[in-house]
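The analysis underlying the following values was restricted to heavy atoms, covering all of them including side chains, and did not include hydrogens, waters or symmetry mates. Order of the sequence lines sets the chain letters (A, B, ...), proteins ahead of strands, with each chain counted from 1. The structure displayed is predicted, hence computed values, not measured ones.
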2 protein chains.
Amino acid sequence: MPTHLIRKLELFTMLSAEDKQALKAAVSQRIRQLRPKEDIIHEGDEPRHVTLILEGWACRYKYLEDGRRQIMAFLLPGDICDLRMFILTQMDHSISAVSSITLAEIPADMLLDLADNSPRISRALWWTSLVEEAISREWIVNNSRRNATERMAHLLCEIFIRLRAIGLTNGQSCEIPVIQAEFGDALGLSTVHVNRTLQDLRAANLVLLKGKTLTIPDLDSLKAVALFNANYLHLDREGREFDANEA
Amino acid sequence: MPTHLIRKLELFTMLSAEDKQALKAAVSQRIRQLRPKEDIIHEGDEPRHVTLILEGWACRYKYLEDGRRQIMAFLLPGDICDLRMFILTQMDHSISAVSSITLAEIPADMLLDLADNSPRISRALWWTSLVEEAISREWIVNNSRRNATERMAHLLCEIFIRLRAIGLTNGQSCEIPVIQAEFGDALGLSTVHVNRTLQDLRAANLVLLKGKTLTIPDLDSLKAVALFNANYLHLDREGREFDANEA
DNA sequence: CGCTGTTTTGACTTCCCTCAAGCATGGTGG
DNA sequence: CCACCATGCTTGAGGGAAGTCAAAACAGCG
């Protein structure tokens, strides 16, 4: 049941009952489970199907020749790993599980049918990929122009808001299965500095991290620290003019 | 005459004579000229047409509230500014001219026709947008994990190779209308440090910069310094199976 | 020729990195 | 059931890469 995906697509445009049925069918074909750090797909691979995240987190990453690692995106439940495979042959980066993860593998032709039969699904999928692109661009800004504290705050805001959009927050809290070394790899910071930065944010009462649970007592304050502007997430149902007219 | 665009699309798949004719027609509708630093489109705008760069350079950029600026992409001749407008309503960033620039404005419906009538053009346009996305991701890596020298070297490699792909290099040289402050805004470095970094590269005989002319005496050495891997540019005609069968 | 925008230099500061060690925590097996 | 090890978090000291500020040198161009 691709709850998160449907929830996410409907941030853009309302789907019809048939749309949802079709998605459900496509997604129940083949399910896969992975443990943390296992690769979903590797640089150089030529994917033959599309992978949807049902539960858990993944990340896009790349190694430089000398071993430095950079995470370029976090993929959350409802995110699709490799929509681009229809056009590009070779993966130019890898994707691996961050937490334990449940995936649905959708055969390429099935996804094409899905898009052909529903302009709403097609447009909504396109939307997700444009939003992903916008997130990439924001990460360039974040990792290039913000200092460590702002950077960390910004990432936490983004993650919290993305999780909230798909119903994975609980009041001011959410679960984040990311270790400090991974934050470092995402933010272009050393693990040590991530640690100190988090301490600062905690000391300022901007975030609370207990185990894997993140609590943000006052999101607006955290946004202010991060110079956060949510416009790049395009969450305000910009495709509402295409809504299925039922509901 | 959209020479650079056609040249670029054909890096992916060969177009037919009709394809090219159609592109030519679409592009000659409305031509605009801009001077350096003029905005092509601004954050918050809702674009009503697609803008193609015929001559000159542009850049995507964003300001933080406190005035820090980040360039997230350089757009070269043959690049399209806002293909995404079909789905997203509001621009989440701005685009401005870097050099004097000639643009073609293509009405939205005309572009849709173009794509509908030629699966090759449609796929090739999709390809350009996926490559742009891959470039964004590489910029995240670049600005997060590489030091100033590597970063500068990497950007120069990328630009040189992109220009070469559309026929805008001359042997080991090409024209780069970018001032040091702009390099800084793109690389997340201060202007002063860009200056010193360029001096280092010059001293090592890796690059030659005379006015706006860049010469790279030995591209392989520069790539080595930059830890450059061109796979993310997807320049090896990955769409050749879709070629128009004429030629 | 003088203005404006760009590049270059020098001195000083700071943010973040590296290295290295010390703690927690939790899971495993003797 | 506790000892042990692995993994992740925390702390401290010291260094280095890049930032800031400010002024000088160098274009181009009207």
(message) Under the criterion salt bridge (charged side-chain N to carboxylate O under 4.0 Å, His left out), I'd like the reasoning laid out for A:Lys62 against A:Glu43: C-alpha separation, chi angles, the key distance, then a yes or no.
(response) CA-CA 8 Å; A:Lys62 217 179 238 191; A:Glu43 187 170 343; 5.9 Å; no
(request) Output, in order, the C-alpha distance, side-chain angles, deciding distance and verdict of salt bridge (charged side-chain N to carboxylate O under 4.0 Å, His left out) for A:Arg69 and A:Glu182. (result) CA-CA 9 Å; A:Arg69 181 184 189 237; A:Glu182 287 164 340; 5.2 Å; no
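Listed nucleotides: D:dT20, D:dA18, C:dC16. Nearest to the side chain of A:Leu189: C:dC16. In the set D:dC21, C:dT6, D:dG12, the nucleotide with an atom closest to the side chain of A:Val192 is D:dG12.
Going from atom CG of A:Asp185 over to atom C1' of D:dG8 covers 14 Å, rounded to whole Å. Separating the CD atom of A:Glu150 from the C1' atom of C:dC16 is a distance of 14 Å, rounded to the nearest angstrom. In this structure, A:Ile176 atom CD1 and D:dC9 atom P are separated by 13 Å, rounded to whole Å. Following rounding to the nearest Å, A:Arg35 (CZ) and D:dT7 (P) show an atom-to-atom distance of 13 Å. For the pair A:Ile179 CD1 and D:dG8 P, the computed distance is 4 Å after rounding to whole Å. Whole-Å rounding puts the B:Asn147 CG to D:dG19 P distance at 11 Å. Rounding to whole angstrom units, CE of residue B:Met152 and P of D:dA18 are separated by 13 Å. Taking atom CZ of A:Arg151 as the reference point, atom P of C:dC16 lies 7 Å away to the nearest angstrom.
Using a 4.0 Å cut-off between a side-chain N of Lys or Arg and a carboxylate O of Asp or Glu, B:Arg60 and B:Glu132 qualify as a salt bridge. Comment: A:Glu150 engages B:Arg68 in a salt bridge, judged by a side-chain N to carboxylate O separation of less than 4.0 angstrom. Salt bridge present: B:Arg84 and A:Glu133 bring a charged side-chain N and a carboxylate O closer than 4.0 Å. Taking the charged nitrogens against the carboxylate oxygens, A:Arg48 and A:Glu105 have no contact shorter than 4.0 Å, which rules out a salt bridge.
Between A:Thr149 and B:Gln180, the one whose closest nucleotide on DNA chain C sits nearer the 5' end is B:Gln180.
Residue B:Gly188 is in sugar-phosphate contact alone, with no base atom involved, counting any heavy-atom pair closer than 4.0 Å across all strands shown.
Between B:Ile41 and B:Ser94, every side-chain heavy-atom pair lies at or beyond the 4.5 Å cut-off.
Of the residues in residues 193-212 of chain B, those placing a heavy atom less than 4.0 Å from an atom of DNA chain C are B:Asn195, B:Arg196, B:Gln199, B:Arg202, in numerical order.
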